[in-house]
Protein chains: 2
Amino acid sequence: MNQKVTIKDVAELAGVSKSTVSRYLNQGYISVEKQERVKKAIEQTGFKSNFFAKRLKTKQSKLIGIVLPRMDSVTVGKLLAGISRILEPAGYQGLLLVSKLSGRKEIENIRSLQQQGVDGILVDSVGISEEHVKLTKSGTVPVLYTGQKHQDVPYVKIDDKAAGRMMGAYLRQMGHKHAVFAGVTETDIAVGVDRKQGFIDAFTEGRPEAKVDFVETGFDFLSAYNCGEDVRRCGATVVVGATDNISLGILRYFHERGLRVPEDISVVGFGGYEVGAVVYPALTTISFDYELVGMKAAQYLLDLLHGKPLEQNMEMPLFFVERESVRNLTGTLCQPQPSSLTGMA
Amino acid sequence: MNQKVTIKDVAELAGVSKSTVSRYLNQGYISVEKQERVKKAIEQTGFKSNFFAKRLKTKQSKLIGIVLPRMDSVTVGKLLAGISRILEPAGYQGLLLVSKLSGRKEIENIRSLQQQGVDGILVDSVGISEEHVKLTKSGTVPVLYTGQKHQDVPYVKIDDKAAGRMMGAYLRQMGHKHAVFAGVTETDIAVGVDRKQGFIDAFTEGRPEAKVDFVETGFDFLSAYNCGEDVRRCGATVVVGATDNISLGILRYFHERGLRVPEDISVVGFGGYEVGAVVYPALTTISFDYELVGMKAAQYLLDLLHGKPLEQNMEMPLFFVERESVRNLTGTLCQPQPSSLTGMA
DNA sequence: CTGTTAGCGCTTTCAA
DNA sequence: TTGAAAGCGCTAACAG
């Protein structure tokens, strides 16, 4: 191991007691003189206080467990960036566990973290089961969720339904009457159900002539690309990808088949990924600020730790990003201008 | 805190000694009978062994510190995915610290981790200074680098020079004589110096008529896009982006100006990001397997921990991905076929 | 096989 | 102000 010089060595060298050194390290109550001596001794010995001994005593790990579905995803990255932006200045560190998109593993991870004595746990969940709820309520370690929601646990997430609705309202306003929603499995409540339903609601509400077809695909470019033909066959005027990645895969498919976007067919997405701005046509989308979600989640968890009242579960703001991939069918306005690198920054 | 029931409680309830419980928890040497009793007691009490007490004794944290330049990046995500793929089955967990692309912060992070008593440290560095080297050699905790290299510390990284050379050789073979390298600051030795130099070497070696211009830009789409005009003015037949993101920004710029790729000008990148396959034309690139780098790095560090001989520093394999964005100027072959979603999977 | 006995390195009463 | 002493919860000799 790497721990050689202890508080005892420092004490001896400084000619004081261990407690005095400890006091120096923590609060006060030490004369300026001894303060000096201890300081010197610490420098000379290169003393580092032992993390585990300290934690054992103080019962505070200053560690936050973070459970993520996967690592190699832009959204997860942003979320993490937001989390560490709050945790770091607060003196907390993140302990990372990966659930590999499995609910079972998520539970295991939470268990393991609880047992390890982290101060709090943040879970970017793929689905909150009853077992999650039980685990969350039974333990003494606060657990906060994101990605999915459940009325019985604290969470901070994007309002997927509102996002869907926002997009539905926009396309309706642009004169579209027949859309195809390229979505994901309903196992994913947030994206597979809420986002889709929000869209359908806003798009069709009180418009019997409006129609939404549905094609199921995966989260990656390739599976979206592969369902391109199914999507096209629907004959809709606009395709709504449940995520930008899905839309990008479809955009590629259309490109290869010679379909022009938005002249022949419009395409929109959700997420606001940066690459949506560099492809052509640039993708119109609802942008989510995952970094902000991470920050809010971390802040909320910290509040929980400090015994603050747990206010409402919150759902985060959304930003509509109009770019070049939607055609205005009303004829009252001209095409969205394919200007320079729209909405990129 | 959350620790109520200790090994002592379990012992009492089971009518055995603490050591017996401890033995049950760890290796063996316990009769089947007491084994049963202890097991029951643990279940009844819901006992969880205290992480910190255990670590304090065993002097093993089973924790690996990970220092990353930033979180919201695809390459970092992949790296992390690779790391956790090795760490997890080995029973280690990752403690995450972010350096925000600052060398100073990197040092601080390493210090803090050393002091915290992690078993090892993995640093995805932005530049290995002498101070890094000192810190690495002075401490008793093994530190392994990636992202950058330095002869005096262990590292695992992509061979940037070889990547550059590979690309130089390819473009040369395709008949290009005048390239412009859209690169980054030389502060970044790996990308800014090695990658570029490798390219120049292979492209110009023994060809006095070959010429490489240089334009400096940043790592993001936008700054690449913004230097589009400078790049274009060079009048080269091919632009080499130091990363795929840079190439994507430039591709967008060209698109807006009506330049056709690869008919009017060719574009290549480095990295093999998936989005390079869905844009049109799909980007020809050198692909790096960052996940593999993460795995190798983690494995190497674990070997170090277990006192295995530290073999050579290693640089990882590269994959050339030919897609649609380069024009063959030799006239002996036709255009690379813009087939279906080339090299996507 | 099992219990007793020492601590790991630190914090924190409690007297002095 | 300071030092002595008592552990935090666990593991690991050491006898038995």
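Just so we're clear, the structure is a prediction, and the values are computed from it rather than from any experiment. Below, chain A is the first sequence line, B the second, and so on; all start at residue 1.
- Rounding to whole angstrom units, CG of residue B:Asn26 and P of D:dA12 are separated by 7 Å.
- Here C:dT4 presents its P atom at 13 Å from NZ of B:Lys8, a figure rounded to the nearest Å.
- Nucleic acid contact class of B:Lys18 (heavy atoms, under 4.0 Å, all strands): base.
- Residues A:Ile86 and A:Leu302 are in side-chain contact: their nearest non-hydrogen atoms beyond the backbone lie under 4.5 Å apart.
- Of the candidates D:dG3, D:dG7, D:dG9, D:dG7 carries the atom nearest the A:Lys57 side chain, counting heavy atoms from C-beta on.
- Interface remark: the B:Arg23 side chain does form a donor-acceptor pair with the C:dG3 base, using a distance-only criterion of under 3.5 Å.
- Side-chain N/O atoms of B:Gln115 and A:Ser49 include no donor and acceptor closer than 3.5 Å.
- Contact annotation: A:Lys54 side-chain N/O to C:dT11 OP1/OP2 distance is under 4.0 Å.
- For C:dT11, the OP1/OP2 oxygens have a side-chain nitrogen or oxygen of A:Ser22 closer than 4.0 Å.
- Taking the six-membered ring where the residue is Trp, A:Phe51 and B:Phe52 present perpendicular rings, their angle passing 60° and hence far from 30°.
- Distance alone, capped at 3.5 Å, is enough to place a donor-acceptor pair between the B:Asp119 side chain and the B:Lys62 backbone.
- Here the nucleotide nearest the side chain of B:Ser17, chosen from C:dG3, D:dT11, C:dT12, is C:dG3.
- Residue B:Asn50 places no side-chain N or O under 4.0 Å from the OP1 or OP2 atom of D:dC8.
- Note on B:Glu130 versus B:Lys134: no salt bridge recorded, every NZ/NE/NH1/NH2 to OD/OE distance being 4.0 Å or above.
- Proximity of a side-chain donor or acceptor of A:Ser22 to a complementary backbone N or O of A:Lys18 within less than 3.5 Å is not detected.
- Ring geometry, B:His306 versus B:Tyr92: the interplanar angle falls from 30° to 60°, so the pair is classed tilted.
- Protein atom OH of B:Tyr24 is 13 Å distant from nucleotide atom P of C:dT2, rounded to whole Å.
- Spacing between atom CD of A:Gln35 and atom P of D:dT2 amounts to 9 Å, rounded to whole angstrom units.
- Rounded to whole angstrom, the span from the CZ atom of B:Phe52 across to the C1' atom of C:dG7 amounts to 20 Å.
- Between the A:Glu131 side chain and the A:Ile107 main chain, no donor and acceptor come within less than 3.5 Å of each other.
- Among the atoms of the strands shown, none is found under 4.0 Å from any heavy atom of A:Val21.
- Using a 4.0 Å heavy-atom distance criterion, B:Ser19 is classed as a base contact.
- Within the 4.0 Å cut-off from OP1 or OP2 of C:dG3, at least one side-chain nitrogen or oxygen of B:Lys34 is found.
- Comparing B:Ser31 and B:Ala53 against DNA chain C, the residue whose closest nucleotide sits nearer the 5' end is B:Ser31.
- Listed pair A:Thr20 / D:dT2 fails the phosphate criterion, with no side-chain N or O lying under 4.0 Å from OP1 or OP2.
- The interatomic distance linking A:Phe51 (CZ) with C:dT11 (P) rounds to 12 Å, in whole Å.
- Atom C1' of nucleotide D:dT11 and atom CD1 of B:Ile30 are separated by 15 Å, given to the nearest angstrom.
- In the helix from C:dC1-D:dG16 to C:dA16-D:dT1, the rotation axis of the first five pairs and that of the last five pairs differ in direction by 40°, rounded to 10 degrees.
- Rounding to whole angstrom units, CD1 of residue B:Ile7 and P of C:dC8 are separated by 18 Å.
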